[in-house]
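Below is one structure, written out as structure tokens; the observations come after it.
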Amino acid sequence: MNFDFTETQLMIKETARKFAEDELAPSAIERDEKEEFPYEAVKKLGELGFMGMMVPEQYGGAGLDTISYVLAMEEISRADASCGVIMSVNNSLVCYGLNEWCNEEQKKKFLIPLATGKKLGAFALSEPEAGSDASNQKTTADRSGNEYILNGTKNFITNGSTADFILVIATTDKTKGSHGISAFIVEKGIPGFSVAKKEKKLGIRSSDTVSLAFDNCRIPSENRIGEEGFGFKFAMKTLDGGRIGIAAQALGIAQASLDASIQYSKQRKAFGKYIAEFQAIQFKIADMATRIEAARLLTLQSAYLKDIGKPYGYASAMAKLYASKVAVDAALEAIQIHGGYGYVREYNVERYLRDAKITEIYEGTSEVQRIVISRALLKD
Ligand code: CAA
């Protein structure tokens with residue numbers, strides 16, 4: 001076993017940390033308060049090569065491995081988890097799927113602008129009645145000559161109103177269950193496609209989360225990804241990798257909670273001593289650090305398995321399940337350590353808790369991760 005990072009991986013981590021500290025952290029509280037999408041930061045993330053990190057260079061990406069992606073995601077999310085999810089969706093749900101399963105023409109038209117950060121992507125699987133039960137797709141895509149006609153609603157779509165290209169999962173044959181679901185690329189602005197509702201959220205408030213409506217929206221059949229009926233497997237395989245990104249996002253929030261706790265406890269005095277001198281605080285910090293390190297190892301292990309071409313869905317489910325819980329617990333402890341200051345918006349830690357909670361919900365709830373893990377263990 002080798003736990004050393006390569007020089008490139010260390011350089012990526014350093015670049016991400018510097019960008020996050022200089023450009024994201026100072027304005028993160030304000031963006032959260034105003035629920036303001038970080039257009040400028042996303043543009044710069046693209047220029048740094050962080051919007052298509054694992055895409056080969058020939059398709060506009062940075063040609064890096066998943067470990068580098070995890071390191072960068074953690075650093076970005078440590079400063080601003082809203083930026084983290086924007087980056088994660090574009091990298092692991094959109095660019096990954098396009099790179100793996102699109103044809104050459106689709107890659108030239110859609111993947112290159114997405115991987116270079118010139119365009120932004122979204123992934124539309126969830127529906128009002130299809131969250132955890134993802135195969136219960138009510139959105140339909142009916143074939144009509146060289147087109148498909150889309151009808152239905154997609155819910156809770158990250159990047160939904162800002163994205164230029166949206167990967168849409170829809171039913172092409174109701175009689176076939178999960179085998180009758182297909183995946184499509186929809187371009188922003190086409191007739192019949194609209195943003196139905198912008199969500200007001202507990203956390204990750206400067207990311208964009210909306211419902212999308214399709215009303216007799218016609219898309220060319222060349223925008224279908226893979227064969228008809230491949231859509232559910234496409235979504236599941238893509239989410240296997242997406243969960244590594246969300247685990248890394250959770251890790252970033254947890255690390256930020258620990259860093260803030262260490263810093264605060266060395267400055268704040270109570271009963272004539274710095275609170276860091278009390279064992280009650282010391283033990284909280286020790287527990288937080290230990291859990292974060294375990295979450296980091298699980299997350300890096302799942303990234304490593306993906307990089308060496310081994311099955312990783314089980315490992316990424318474990319990483320997300322564990323890291324998301326660690327993030328919520330770390331943020332709660334950080335608030336406790338900060339006392340009243342932890343509860344007010346002037347400090348970052350209450351934002352960490354609000355941001356952490358979603359990592360237990362999106363890209364598969366913690367209960368869904370337990371389904372994935374237990375099925376892998378119990379199958380014949
Ligand atoms: N890789 C490849 N194939 C897979 C797969 C995977 N990871 N998971 C399932 N499949 C295949 C199965 O093998 C099966 O194929 P066959 O019929 O040929 O045998 C088929 O897909 C159906 O699988 P299941 O019977 O396991 O399906 P299920 O209905 O029981 O659902 C589930 C399983 C794990 C609960 C799944 O529905 C799931 O993951 N739900 C959560 C969805 C999710 O994560 N949504 C997140 C939305 S995106 C998002 O959140 C983005 C964002 O904003 C940040």
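Basis for what follows: all heavy atoms, side chains included, without hydrogens, waters or symmetry-related copies. All ligand and atom numbering here is 1-based and tracks the order in the structure.
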Under the 6.0 Å and 45° cation-pi test, does K269 pair with Y274? yes
According to the interplanar angle, ranging from 0 to 90°, do the rings of W101 and Y96 count as parallel (below 30°), tilted (30 to 60°) or perpendicular (above 60°)? perpendicular
Does the protein put any heavy atom within less than 4.0 Å of atom 35 (C) of ligand 1? yes
Starting from atom 47 (C) of ligand 1, locate the nearest protein heavy atom and write down its residue, its atom name and how far away it is, to 0.1 Å. S126 OG, 3.5 Å
Rounded distance (nearest 0.5 Å) linking atom CD1 of I67 with atom NZ of K306: 11.0 Å
How long is the straight-line distance from NZ of K44 back to CG of D22, given to the nearest 0.5 Å? 10.0 Å
Looking only at protein heavy atoms, which one is nearest to atom 53 (O) of ligand 1, and what is the separation? T158 OG1, 2.6 Å
Six-ring centre of F278, K273 cation under 6.0 angstrom, axis tolerance 45°: yes
If you measure every N/O of I371 against every N/O of ligand 1, is any gap under 3.5 Å? no
Name the closest protein heavy atom to atom 9 (C) of ligand 1, giving the residue it belongs to and the distance to 0.1 Å. M236 CG, 3.8 Å
Can you tell me if G313 has a non-hydrogen atom under 4.0 Å from ligand 1? no
Would atom 24 (P) of ligand 1 count as contacted, meaning some protein heavy atom under 4.0 Å? yes
Sub-3.5 Å N/O-N/O distance, R375 and ligand 1: yes
Can you confirm, on distance only, whether ligand 1 has an N/O atom lying under 3.5 Å from any N/O atom belonging to R243? yes
Straight-line distance of K176 NZ to I181 CD1, nearest 0.5 Å: 12.0 Å
Please report which non-hydrogen protein atom sits nearest to atom 12 (C) of ligand 1, along with the residue it belongs to and the distance in Å to one decimal place. K233 CE, 4.4 Å
Taking the minimum heavy-atom distance to atom 16 (P) of ligand 1, which of K237, R370, H179, Q249 ranks first? H179
Could you walk me through whether D259 and R78 satisfy the salt bridge (charged side-chain N to carboxylate O under 4.0 Å, His left out) test, starting with their C-alpha distance in whole Å, then the side-chain angles of each, then the deciding distance to 0.1 Å, before giving a yes or no? CA-CA 10 Å; D259 294 344; R78 182 171 161 266; 2.8 Å; yes
Which residue and heavy atom of the protein sit nearest atom 37 (O) of ligand 1, plus the separation: S132 O, 3.2 Å
Do side-chain atoms of E75 reach the backbone of A72 as a donor and acceptor pair under 3.5 angstrom? no
Going by the order shown, which atoms of ligand 1 are within less than 4.0 Å of some heavy atom of L93? 51 (C)
Looking only at non-hydrogen atoms, the one of Y312, F232, F123, F156 nearest atom 27 (O) of ligand 1 is F232
Nearest protein heavy-atom contact for atom 29 (O) of ligand 1: which residue, which atom, what distance? S135 OG, 3.6 Å
Identify the two heavy atoms, one from T171 and one from Q137, that lie closest to each other, and give their separation to 0.1 Å. OG1-O, 3.1 Å
Do any heavy atoms of G242 fall under 4.0 Å from ligand 1? no
Any N or O of D240 closer than 3.5 Å to N or O of ligand 1: yes
Could you tell me whether Y362 and F156 have their ring centroids closer than 6.0 angstrom? no
Note the single closest protein heavy atom to atom 20 (C) of ligand 1, along with its residue, its atom name and the distance in Å. S178 OG, 3.9 Å
Taking side chain as C-beta onward, heavy atoms only, is Y322 less than 4.5 Å from T299? no
NZ-OH distance between K237 and Y312, expressed to the nearest 0.5 angstrom: 8.5 Å
For ligand 1, which atoms sit closer than 4.0 Å to a heavy atom of Y362? 50 (O), 54 (C)
Can you tell which of Q369, E367, E363 gets a heavy atom nearest to atom 49 (C) of ligand 1? E363
With heavy-atom distances below 4.5 Å as the criterion, would you say the side chains of M53 and M87 are in contact? yes
Should you measure from each heavy atom of V89, which atoms of ligand 1 turn up under 4.0 Å away? 54 (C)
